[in-house]
Every structure is written in C-alpha cells, then in structure tokens.
Amino acid sequence: MTKRVVDTVVLGGTVVGEGSTTQAAVAIDGGRIAAVGAPDVMPEARETIDATGLHILPGVIDVHVHFREPGLTHKEDWETGSRAAAAGGVTTVFEMPNTDPPVDTVEHFELKRSLAQTKSLVDFGIYGLLGEHNLSSLEPLAAAGVCGYKLFLGNTTGDLPCPNDGAVLEGFETIAALGLRCSIHAENSPILFWRQNRMLAAGRHDPLAHLAARTDVVAIEALCRSAVLAEWTGARIHIVHESCAGSLPYIRFFKERGVDMTVETLPQYLYLSAEMTTGPDGQMLRMNPPVRQASHQEPLWRALIDGTVDMVSTDHAPHAVEEKQGERIWDVACGMVGVETSLSLMLTAVANERLDLPALVRIMSAAPARAFGLYGTKGVIQTGADADLVFVDVARQNTLSADHLHSRGKSFPYAGMEVTGVPVRTLVRGRTVALDGNAVGDPGWGRIVRPHMPPAAPRNVATTTRAILQPDAVPW
Ligand code: DOR
Ligand code: ZN
C-alpha cells in the first residue's frame, strides 16, 4: 500500500474550538482538513508549517461587509476589501447589496459575482436586496445563489428606500418559504427622518445630533417589528449591528418564543462611544445605527458572552477620507472600516479576560457559520471542513494605525489604540492568503459560498399576500 502524502501539515500549534483548546497538528489536503491530532499520526506532507507558540482558530466569518463594487470603487473594491479581510484573519465575507447597481436582480447579482470571482482573495457570499420594487426577484435571486437577503428598514449609504410594512410582510412570506436568512438594518425610518429634520430646523449640526435623531427607540421599535413579522411568517432573520442595550430584553423575549433570529454586534459598539464624538475627529464615528453612550457597552459585552447576541461582525463600511469630513454632521458619510482589525480587537478582550478563546471562536466563526448554513464546511476545525484557518499570536502587542490598512478607507477610528493579539497567518482552503499582516494571496482565489439551511418552516401560509390573491381564497 502506498503511503498517503498530503499537501501540508501544521505542527506545534494549539487548535481552538468552541469547546476546547488542544495541542494538535492539522493535516491539509486539497484545500480541506485531512486530519487533526497528535503529530506522530499525521500523514507525510509536501510542506510543513511551524506554528509553535501560536493558536490556530477557524477563519473568521464576517457576515457584514461593504466592499462597494460595483459602482463605488473610490471607497473600496473586491481586491482591496478582501486583502483587508485576509490580513485581519477573515476567511469568508458576506457582502451587502447597497452598491451601484444594488443587488436587486439576478443580472446585478451576476455582475457582482463575476467581479468578486476575479478579484477576491477570500471566500464570499453575496446578499440580495429585499426592496419594495424587487419582490418578484427574491426567488430568482435564491436560485442564482445569494447567501441571504438584506432589508434596509433605516436609511444609510446609497439611500435605498425603506420598503413599507406591507412589502416587508410579503417579502418575509417569500423568503420564509425559501429558508434563507434575511439580515435587517433595524432602524425606524419615519422616526429618524422626522427627528433629523427637527434637528436640522433647530440648527443642530454637531455629531451628537446624529445620535439624538436615532435615539434608542428607533432601533428597538424596528427590531420588534421585524421579529413580529418573522414570527408570523416563519422567516429567518438576522439583526445586523445591534447597538443598543434597550434591545436586549426584546431579543431574549423573541428568541424564547422560538423566532429564528440571530443577532450581531460590532467592535464599534463595544469599544467606541458617543462621548468620543465630542473630541477632535468626532465626526469620523458617524455611522448607522449611531455609536451610543458608553453605558451600552457593558450590557452588549454581557449579551455576547451569554449568547443573547450571537456574533460579532464589522459592518466594514469604507469611505474616502474627504467623505468622512464635513462642517455639519449631516454631510459626513456614515460608516467606518473594520474587517482588518476586528479579530485583534476581540483578541484584546481575551487578553483582558473578558472572554476566552473558545468563546471568541463561537462568536466570530461558529455562530455565523451556523446562522447562514455553512457550519461543518466552515466555522470549525475538523476533518472534512475547508482548511480556513487563522494563526494568532495571543501575546503579541501592536499599535493600530491607518498606515497599515489594506482597505482603501483610511479614516480610522482606532488609530493609536494598543491591542494584544495579532493574526499572523491566514489560510483560505489551504492556501496562505496573508502572512505577518500582509495580504499575499491571489485575487480570484476566493469562491462563492453556498448556504445549506435547514428545511424552510413557513407559517400562516393560507393567508399570505399571494394566497389571498387566489380567486377562490378563503381568508382564514
Ligand atoms: O453607517 C453605516 N454605513 N451603516 C450601514 O448600515 C451601512 C454602511 C454603509 O454602507 O456605508
Ligand atoms: Zn452595513
């Protein structure tokens, strides 16, 4: 019998899973993990990587990035964005549909897919838009291969109109039957526009006026409305960028009721606060939902640890430096970069004993993989899974700086911050795409991911908008 020879064996590292931290070797073949175990039972390998002193984590899955292409490439494109991801230990990104054109049709999906396919260093999913004007495209978009949908209930970059509640209900009815998850920007548009206009009329142009316009109830109301419609229809939802302590009891309530709802928060809400917006460059922190008062941080940390909030994503939202400036806060672009620094920031929380490494793996890899139907192939280090790995030095210190960013967005709120814990090598399907903070992978290596969601579980199907349009429909 010929001896098996694999592509790579990684020796000397500590493999981290959701439930364990183990000294183990990892064998990689054909882009997949071939074995995890004691070094002496590893097959022979063409290449050996020494990971002595390093921790090996499943690659980070960031389900919320804006890579801006097509249409807004002065802010970012698939190559710069995915280089940033690779350098930050992120092996899969889900990219948002508020590009130009938005991903509202199969044709626009295919346009983005071909761009990503030729330019991305890391694996990717592409969201389809759930808008009032494209309800008839939701099913074709699923067939074409979107990773899920994005619903903008609150306005943001791109000014995509917020669908009315009737359209949202009909959209949820459709996606409930498809089984894919819908990510929701949960802010109440009429309230935030009303208050913004009141602030403008009163001559308020300072950074805190943005927070005042989008005060807590703006987020809480939209979250609850989304969850009620999700419960009614059986649609799976994901609340993006949860910023608000006041939302947490409602999240617990709806999860306890069995609503299939997952929730993310962002490092921005854990590390930055509205109090900082009064300092120099305070306008840089403008984003939607706004960075809130520091009093929200502790409850959000606790909710992450107890699982109320499932995961950390980044809402990586790059803009040109000039776009992040303005005399009036209303003229400053919303959003900030993050895909490159989220892992370091969360490792710093590990160094500060706020969470442990298995919890970090749950929050940044396993939970996003589970929520979006990738778990098993991604989000875990086990035989048969994709060899998406990030090697981290948990003790290494670093000062964050805009100069080191691969992203085109150089307006950087964490400049000067000291972090403990650095990704030193990133592998996507067995290939090294970043080394020592530099992206070294090839554009075009990234592949689109295919979600395998559990069977769809639609509810109240006899009274959906489509059902009641049937001539013989009985409305109960
Ligand atoms: O501040 C934000 N910017 N929030 C979002 O939800 C979107 C993002 C963007 O696309 O710039
Ligand atoms: Zn976003």
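For ligands, and for the atoms within them, numbers begin at 1 and follow the listed sequence. Counting begins at 1 with the first residue of the sequence.
Residue Y250 places its OH atom among 12 or fewer non-hydrogen atoms of other residues, nucleotides or ligands, all under 6.0 Å distant. For W330, the CH2 atom is densely surrounded, since the number of other residues' heavy atoms within 6.0 Å is greater than 12. Around the CD atom of E275, the shell of radius 6.0 Å holds more than 12 heavy atoms that belong to other residues, nucleotides or ligands. When the shell of 6.0 Å around CZ of R198 is examined, it contains 12 or fewer heavy atoms from other residues, nucleotides or ligands.
With no hydrogens or angles considered, no side-chain donor-acceptor pair links R181 and H238 at under 3.5 Å.
V390 places none of its side-chain heavy atoms less than 4.5 Å from the side chain of R425. Taking 4.5 Å as the limit, every side-chain heavy atom of K255 sits out of range of all side-chain heavy atoms of R257. Contact of the H316 side chain with the E76 side chain is registered, since non-hydrogen atoms from C-beta on lie closer than 4.5 Å.
The 4.0 Å heavy-atom shell around ligand 1 contains residues H66, R68, N98, T156, T157, H185, H241, M287, N288, D315, A317, H319, C334, G335, ordered by chain and number.
R431 forms a cation-pi arrangement with W445, by the criterion of a distance under 6.0 Å to the ring centre and an angle within 45° of the ring axis.
The Zn ion (ligand 2) has H64 NE2, H66 NE2, D315 OD1 as protein N, O or S atoms under 2.8 Å away.
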